[in-house]
Amino acid sequence: MVKSPVVTGISPKEGPPGTRVTIRGEFLGNKATDLMGLTICGCDCLLSAEWKSDKKIIARTGAAKGKGDIIVTTRGGGTGTCTVQFRAYYETIGPMKESAVWIEESPMQSLAWGRRSLAPTGYTQEDPLGLSNEGNEKKFPEDLRDLFPDGSGDLSQENFTPGWFLLENHHATSFEDLKAGLSYLRRRVESQKEGQLSFLKSNAGSVIDQLDTLMTLRDRITQDNKVHGKEPVRQLDVAIRGSIDASHELFKDVLVRKEKADATRAALSAMSRHKFLFCLPNTVEKAALKNEFDIVVNDYARVKNLFGKTEVPIFRKVLEEVDIKILAIRQQLHGKIKEMPQGVEQQKKMIKALISLEAQQSGTSVAGKLKIDDPAWDAIEARAKHLEETFLKAYEQYSGKESHGSDSKSRTDPNVTPVRVQFCEEMTEIAASQFPDLWRLGQAHFNGELRGAAPPKPGNFKRIILTAIEQFCSYLRSALLATSSAHRSLVAVVSAVKGLPAWPSSSPSPNFLITWLPYCLRYVRVSYATLIRLDLPNEALDIVLKFIDELRLYCMSTILKKANERVKKLHEKEQWELSVTEFAGATSLPAKLEEILVEAIDDAQVACLTPEVREGTLLEPQSDGQRELSKRFQEILTSFCTVIETLALQRSDEDPQQAPMLSQLIGFPAALLQQQMGNGDKREWGNPAITWEQRLLCCLSNCVYCNRIFFPKLGNLFKRHSFPVPTMAIENSRSTINGLFASLLEMYVEHKSDPLVGTIEPSMYLGRFQWDQVGPSEKLSPYAHECLDNLVSVYSEIFAISPSLLRPILEPIVQTVAEELARLMTCVQKFNVNGALQATVDINVIRDAVRVYSNETAKSFFVEALDAIPSVPESEQRTFETVKTIKNNIRLQIMCLQVVDP
C-alpha cells in the first residue's frame, strides 16, 4: 500500500507571491506524473511545481496571504499532510524597490497646505511624532502581520494602522516620549489650519485683481456679440483657410526641392555605402601583390554574398571586373604553389586560397577559362620534383669534387672530412628537412584539408614517397658502400628512375672512409628517426632500415678489416718476450692479437652493433651479419697464423743456413748456451741475440698455445658482448694453426736431425775404425757418446724455450737416429767378438737413454739394429754389467733424457 505524502520541510519559510520554494518530505511520488496536486497557504501551485525525487519538489508560491499548510497530493497516496507552515505576505513597493510591474509614483506632498515643493526633498519620510529612532533599530520580535492582518505601517497607505507604526518604529520609546510626540503632532496640525487663513489674507489684492479681469472679459464678449452677431469667427475662419492654402503652395514648392536634394543625397550615400564594391578590383590586386591571399578570399566571399544575385547593371559590371581579377590571381596562385623552395605552411595557405577562390568563382562567366582540378596534388608533385633535383644537385657537387681530386687531402690528413662523408651529411640534412614537408603536405591533402575537385591519388603518392626514399638510400649506398652488391642495387634503381647516376667508378678505393663510417651511420640514423616520427608506412621505413642494416654490416666489416690490417703487421711488433705464464715458450704476440680484437669489437659495438629504434640485432643466428663476422674473424686468425709463419721463416743473413755443429763435429755453441741459461728466468732476448732456432721454437710454442688455450678463449670476447661465438671460425683457425705447427715442426726436426744423424757414421768410422778389429773395452764408443751429447744439446735448447715441445721434437729425431743406427749395423760386414759386444753395448745404452722419447717405430729400429749384431755366447751378463757401468758414468746425460714431464 502506498503511503500518503508528508511534507517535513520548506525553504524559505516566508515570502511574497512568486517566491521559489524547495519542499522536502517523504512519499512525494515515484515519478513526475505521480504528482497530482500542490497547495501552499490554500493557493494552487501545481502549474509551477517541478518534481525532483520522492523527497523533493520545487515550486513557486501563489497570491496567498498569511500562514498556511503545504499539501501534496499524489496518484497513489492521495492527499498528504505537513508538519511545517509557510507565511505569505504582500510586499510594499517603495520608490527604491525593484519591481517587475509599473508602480504609479505620486510626488511627495509637503505638510504646508496648498503648496507643492519645487523638487522632491527625498524619499525618506520624517517621523510625524518628531521622535528619533535611536534604540529602535532592532526588529519587533512578533510578526506584525499576525497582529494587524488588514493594516499597514506605511503613512501613505489607506489602511494605515497607528499601532503597527508605533510597534515598528517606537517599540522601545518611553511613554513620556510618546506623549511629547503626540503634543508635537497636534501643534503641527493646528499650524497647518492657521496657514490657510493667513495665505488668503496676505494675497487679498491679487485675488481681487483676478476677479476684475474676469468681469472685464465677460463685458467685452457681450459687446462683440451685439456688434458682429452670434458667429464672429466666420470671417476669421475664411482668413485662416486662405492662409492655409497659401502655405500649402509654399510647402509643395519646398517639397519638390527637398525631393531633388534627397535624391542627390541618396545617390551620394549609395556610392559611399558601396565603396567596398567599387574599390574591390584594386583592393584584391594590391593584396595579391603582397601575398595576402586570405584578404582576397575574404573580400571576394563577402562581395559574392552581398551582390552575387544583384540585377543592378553597374553592380554587375563591377562584379565582372572583379571576376577577371580573381581569375588572374588564381593563375598567379597556381604558379606560386609550384615554386620551390618555400615553406609547407605557406604552400598550404596558398592552396587553401586557390581552392576557395575556385569554389567561389564556379558558376561565373569566367570560371571555365581556368580549370585546376587538384592544386594540392600539383604542389605535391612540385615538392617531390624539387627533392629529387636537390638530391641530384648535391650528388653532382660532391662527386665533381672527388673526380677533380679535391679530396686528396682527406686521404692523408685524418682530420679533414672526406668528400663522401660531406655528401652523406648533406643528403641526410636534405632528407630530414624536406621529406617531412612533403609527407605533411600529402597528409593534409588526403585528410581533406587541401582536397580539391579531383579525387585523391593515394597510390601515386605512395609511389612518390617510396621513390624519394629509394633515391636517398641509393645515392648514399653508391657513395658509402663501395661493393659490387651496392652498385648492382643502384643499377636496379636507375632502371626505375631515369637519370639517376652512380658514383664515379674512377674513384679510388674507399679504405680511407673506414674511420668515418660510424659518423655516416649516425647521420643516417638521425634521418631515420625523423622519418619514424612522421609515422610513415612500414614499407617506406623498411627501405631505410635495409640500407642502415647494410651500412651497419659494412661498418662492422670495415672495422674488422682494419683490425686485420693491423694483425698483418704484428710481426713488426714481436719482441720475443716470453711473458705468457699459462704456456712456457709462448710470446706476447697472442696478447697483442687479443688487444686488437677487443678494440675492434668495442668499436663495432659502439658504432654499429648496438641496435637503435626499430633496428634488429645484426648478429642474428644464420644471418648475413653473423656470417660476415665469422668470415672476417677467420680472416683475422688466418692472418695471425700467417704472421707466425712469417716470423718462423724470417731468417737474417747472420742466421746459419744449417744447424750449428754439435759436440766435436756438431757441438752446441757454449757461449750461446751460457747466455741462454743465464737469461732462462727472464725469458727475454734482444733481437740480435735470438737465433733462428730459438725463434722457430717460440713460433712452435705460439702455435700450441693458440690451438690449446688462446683460440678457444677468444670465444669469451664475444660472450662478454652478448655476441654469438664464431665457433666455426675458431675451429677452422685451430685446424690452420695445427697445420702450421706440423710444417714448422717438420722444418725444425729436419733442421736438427739431418746434421745430427749425418755425424753418426763419420764418428763411428773415425780413424779407420773397423768392427772386426775392435779390442776389449768397457767404455762407450765415441760415436755413441757424441750421439747422446748431441741429443742432450737439442734437449737443452728445447727445454730452455718450451719444455712442452720436447716430446713432439725429440721423438722424430730419436726415430731418425734409431733408423740410422739400424742401417749402419745392418751394413757392417763382419764383427769380431769384441766388436759385437761393443756394438751391443752402444745400442743398448743409446736405447735405454732415449727410452722416454722413443716411439714404437724407434723401438723397432733399435731391435733391428741389435738383431743385425751377431750374438756372443755367454755374454749377456758381461754385457749387462758393462751397460750398467757406462750408464752410471753418463748418468747426467741419461737423467736429462729421462725426465718424463719436464
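Less than 6.0 angstrom separates the ring centroid of Phe633 from the ring centroid of Phe718.
Phe583 CZ: more than 12 foreign heavy atoms inside a 6.0 Å radius. In this structure, Phe769 places its CZ atom where more than 12 heavy-atom neighbours from other residues, nucleotides or ligands lie under 6.0 Å away. Other residues, nucleotides and ligands contribute more than 12 heavy atoms inside 6.0 Å of the CD atom of Glu565. Heavy-atom contacts from other residues, nucleotides or ligands closer than 6.0 Å to NZ of Lys562 number 12 or fewer. More than 12 heavy atoms of other residues, nucleotides or ligands lie within 6.0 Å of CD in Glu881, so this atom counts as buried by the packing criterion. Heavy-atom contacts from other residues, nucleotides or ligands closer than 6.0 Å to CD of Glu746 number 12 or fewer.
Atom OG of residue Ser860 and atom CD of residue Glu856 lie 8.0 Å apart, to the nearest 0.5 angstrom.
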Start with the C-alpha distance between Gln773 and Arg768, add both sets of side-chain angles, then the distance that settles side-chain contact (heavy atoms from CB on, under 4.5 Å), and finish with yes or no.
CA-CA 10 Å; Gln773 299 176 4; Arg768 297 182 180 182; over 6 Å; no
Please walk me through it: do Leu805 and Leu697 pass side-chain contact (heavy atoms from CB on, under 4.5 Å)?
CA-CA 8 Å; Leu805 296 177; Leu697 287 173; 4.2 Å; yes
Just do the salt bridge (charged side-chain N to carboxylate O under 4.0 Å, His left out) check on Glu612 and Arg552 with the steps written out, would you?
CA-CA 11 Å; Glu612 294 191 0; Arg552 290 172 64 196; over 6 Å; no
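Ion pair Asp549/Lys546 not flagged as a salt bridge, since none of the NZ, NE, NH1 or NH2 atoms sits closer than 4.0 Å to an Asp/Glu carboxylate oxygen. At a threshold of 4.0 Å, the pair Arg823-Glu819 does not count as salt-bridged, since none of the basic side-chain nitrogens sits closer than that to a carboxylate oxygen. Taking 4.0 Å as the cut-off between side-chain N and carboxylate O, Glu635 and Arg632 count as a salt-bridged pair. Salt bridge present: Glu599 and Arg566 bring a charged side-chain N and a carboxylate O closer than 4.0 Å. Under the 4.0 Å criterion applied to side-chain N and carboxylate O atoms, Glu731 and Arg734 are assigned as salt-bridge partners.
Between Leu740 and Cys641, the shortest heavy-atom contact is CD2-O, 3.2 Å. The two residues Ala865 and Ala822 have their closest heavy-atom pair at CB-CA, 3.7 Å. The minimum heavy-atom distance between Pro590 and Phe710, with the atom names listed, is O-CZ, 3.0 Å. The minimum heavy-atom distance linking Arg847 with Leu866 is given by the pair NH1-CD1, 3.4 Å. Annotation for Leu810 and Val794: closest pair CD2-CG1, 4.0 Å, computed over non-hydrogen atoms. Across all their heavy atoms, Leu744 and Cys703 have their closest contact at CD1-SG, 4.2 Å.
Remark: the backbone N or O of Lys884 is not paired with any side-chain donor or acceptor of Asn888 at under 3.5 angstrom. Distance alone, capped at 3.5 Å, is enough to place a donor-acceptor pair between the Ser777 side chain and the Lys779 backbone. Between the side chain of Ser557 and the backbone N or O of Leu553 there is no donor-acceptor pair closer than 3.5 Å. At least one donor-acceptor pair under 3.5 Å links the side chain of Thr759 to the backbone N or O of Leu756. Checking side-chain atoms of Asn832 against main-chain N and O of Val774 turns up a donor-acceptor pair under 3.5 Å. The backbone N or O of Ala479 lies less than 3.5 Å from a partner atom in the side chain of Arg420, making a donor-acceptor pair. Side-chain atoms of Thr587 never come within 3.5 Å of backbone atoms of Trp576 as a donor-acceptor pair (strictly under, hydrogens ignored). Here the side chain of Ser630 pairs no donor or acceptor atom with the backbone of Arg627 at under 3.5 angstrom. Remark: side-chain polar atoms of Asn790 are paired, donor with acceptor, to backbone N or O of Glu786 under 3.5 angstrom.
With 3.5 Å as the limit, one finds a donor-acceptor pair spanning the side chains of Gln694 and Thr691. Using a 3.5 Å distance cut-off with no hydrogens or angles, the side chains of Gln838 and Asp842 do pair a donor with an acceptor. Looking only at atom types and distance, the side chain of Ser802 has a donor-acceptor partner in the side chain of Ser701 under 3.5 Å away.
In this pair, Trp771 and Phe831 present their aromatic rings tilted. The plane angle is within the 30 to 60° band.
Pro782 has its side chain out of reach of Ser763: every pair of non-hydrogen atoms, C-beta onward, lies at least 4.5 Å apart. You'll find the side chain of Tyr748 reaches within 4.5 Å of the side chain of Ile798, heavy atoms only. By the 4.5 Å heavy-atom criterion applied to side chains, Leu821 and Phe861 are not counted as neighbours. Thr736 places none of its side-chain heavy atoms less than 4.5 Å from the side chain of Gln634. Contact of the Val872 side chain with the Thr879 side chain is not registered, since no non-hydrogen atoms from C-beta on lie closer than 4.5 Å.
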